[in-house]
Amino acid sequence: MASHRRPKQPSRARVTVLTTAAAAAVAISSQAANAAPSEKPSKDEVKAKVDKLYEQAEQATEKFNGAKEKQEKLQKEISTIQDNVARGQEELNELRDAMGLAAAAQYRTGSIDSSVQLFLSSDPDDYLDKASTMDQLSAQQVDSLKKIQEKQRELSQQRAEAADKLKDLSSTRTELGKKKKEVQAKLAEAQKLLNSLTAAEKAALAAEEARASRSAADRVDLGNVGSASGRAQAAFQAAQTQLGKPYVYGATGTASYDCSGLTSWAYAQAGVSIPRTSQAQASYGRHLSMSELKVGDLVIFYGDLHHVGLYAGNGQIIHAPRSGTVVRYESINNMPFQFGVRI
């Protein structure tokens with residue numbers, strides 16, 4: 001006879017766990033079903049993000065330029081100091097050689113006077129400071145020993161200055177490297193966004209950029225506003241010859257430029273040396289309102305002064321805008337105007 005056993009009932013704890021898990025699964029499924037699918041950003045949204053990244057890259061570029069300029073200046077100063085130290089050491093050696101010859105002559109005659117004792121002293125400064133010894137030395141001997149003292153002190157100061165500048169140079173190189181990486185990271189992020197666009201969207205953006213990047217052959221109404229000076233006119237004319245050249249961060253021509261690289265190069269062609277960065281250029285001359293601008297004046301943009309161009313007349317500037325563009329004319333109203341600068 002078959003036995004009839006009651007099936008084993010699940011424990012209450014197990015039932016609770018299973019019920020909770022099932023409820024959670026249902027909730028997750030419900031959320032997934034009700035959640036809206038993630039939307040791909042539109043071309044205009046991508047462009048806005050890319051433009052912002054390019055602006056941030058340009059801000060970092062001007063800081064990069066400043067660090068690079070400082071590095072070059074420090075390298076020149078250190079080289080000059082090191083040359084001076086080398087010449088000074090030669091002069092000191094000559095002074096010591098002269099004193100050594102005097103000592104040798106006195107030794108041969110058996111009369112080593114106080115000047116030789118001073119020369120042989122481990123602390124000539126202390127020896128010279130004792131006024132009682134001065135009357136034992138000839139005027140020529142005193143003069144020679146003082147020259148040695150002065151040259152030793154001068155060399156010590158120059159070596160200390162060189163050491164400080166070398167430390168500054170090291171930190172400047174570190175800052176330069178950081179800014180370079182920051183620029184590259186912003187540009188890479190912008191490129192990643194651009195790569196996410198469809199072929200049609202990329203073509204549309206390229207067409208917009210082509211319309212903005214007018215070449216030297218295009219007719220741009222610059223009006224008949226004169227220049228403030230011959231050098232401003234010469235700088236503007238030099239910049240015009242670079243229309244169509246690509247923007248590259250840190251570049252100063254003539255194959256490519258960044259914004260301040262173009263303006264500093266243009267004024268150099270007019271025989272005028274201006275600072276390398278847009279911020280430094282902003283404080284180099286007299287500030288102007290928009291209504292005061294004349295052809296060739298510098299035009300400064302953005303609150304942190306990170307962009308600069310040259311006024312071209314009739315509300316137009318000529319500038320190197322940003323990565324992915326070329327030197328071109330553009331409306332002065334396309335960016336937040338701060339002030340003009342007359343060189």
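By convention here, the first residue in the shown sequence is residue 1.
- The backbone N or O of S170 sits less than 3.5 Å from a side-chain atom of T174, completing a donor-acceptor pair.
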Problem set entry | CA sep, side-chain torsions, deciding dist, call: E182, K179, salt bridge (Lys or Arg N to Asp or Glu O under 4.0 Å) | CA-CA 5 Å; E182 184 179 345; K179 290 305 171 187; 3.2 Å; yes
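- For the atom pair N84 CG and Q158 CD, the distance stands at 5.0 Å (nearest 0.5 Å).
- Atom CG of D83 is surrounded by more than 12 heavy atoms from other residues, nucleotides or ligands within 6.0 Å.
- Within a 6.0 Å sphere centred on NZ of K202, heavy atoms belonging to other residues, nucleotides or ligands number more than 12.
- Taking the side chain as every heavy atom from C-beta outward, E150 and E154 never approach each other to under 4.5 Å.
- Considering only heavy atoms from C-beta on, I343 comes within 4.5 Å of V272 through its side chain.
- Side-chain N/O atoms of Q316 and S331 include no donor and acceptor closer than 3.5 Å.
- Between the CD1 atom in I274 and the OG1 atom in T263 there is a gap of 5.0 Å [rounded to 0.5 Å].
- Separation of atoms SG (C259) and CG (N65) is listed at 7.5 Å; rounding is to 0.5 Å.
- The closest donor-acceptor contact from the side chain of S156 to the backbone of Q152 lies at 3.5 Å or more, if one exists at all.
- A 4.5 Å side-chain heavy-atom check between D258 and V248 finds every atom pair outside the cut-off.
- With respect to I318, the side-chain contact (heavy atoms from CB on, under 4.5 Å) criterion is satisfied by exactly one of V295, L222, L243, V299: L243.
- Atom CZ of R342 is surrounded by more than 12 heavy atoms from other residues, nucleotides or ligands within 6.0 Å.
- Between the side chains of Q184 and K181, no donor-acceptor pair is found at a separation under 3.5 Å.
- For the pair E189/K192, no side-chain contact is recorded, criterion being any heavy-atom separation below 4.5 Å from C-beta on.
- Of the N and O atoms on the side chains of Q89 and R159, at least one donor lies less than 3.5 Å from an acceptor on the other residue.
- When side chains are defined from C-beta on, R286 counts as touching L288, because their heavy atoms get closer than 4.5 Å.
- Put simply, the side chain of S278 gets close to the backbone of L305: a donor and an acceptor are under 3.5 Å apart.
- Counting all heavy atoms, side chain and backbone alike, A320 lies closest to Y257 at CB-O, 4.1 Å.
- Within the 4.5 Å cutoff, the side chain of I317 has no heavy atoms near those of the F337 side chain.
- At least one side-chain heavy atom of Q191 sits under 4.5 Å from a side-chain heavy atom of N195.
- Cluster membership for L92 and I81, using ILVMFWY side-chain heavy atoms within less than 4.5 angstrom, is shared.
- At a cut-off of 3.5 Å, with distance as the only test, no side-chain donor of E62 or T277 sits close to an acceptor on the other residue.
- Between the side chains of S289 and E292, a donor-acceptor pair is found at a separation under 3.5 Å.
- For F64 and Y249, the ring centers sit closer than 6.0 Å to each other.
- A donor and an acceptor atom, one from each side chain of Q240 and Y329, are located under 3.5 Å apart.
- Between the side chains of E58 and H307, at least one donor-acceptor pair of N or O atoms lies under 3.5 Å.
- Using a 4.5 Å cut-off on side-chain heavy atoms (C-beta onward), N314 and V225 make no contact.
- Panel note: side chain T80, backbone K76; a donor-acceptor pair is recorded below 3.5 Å.
- Side chain to side chain, Q338 and Y302 fail the donor-acceptor criterion of an N or O pair below 3.5 Å.
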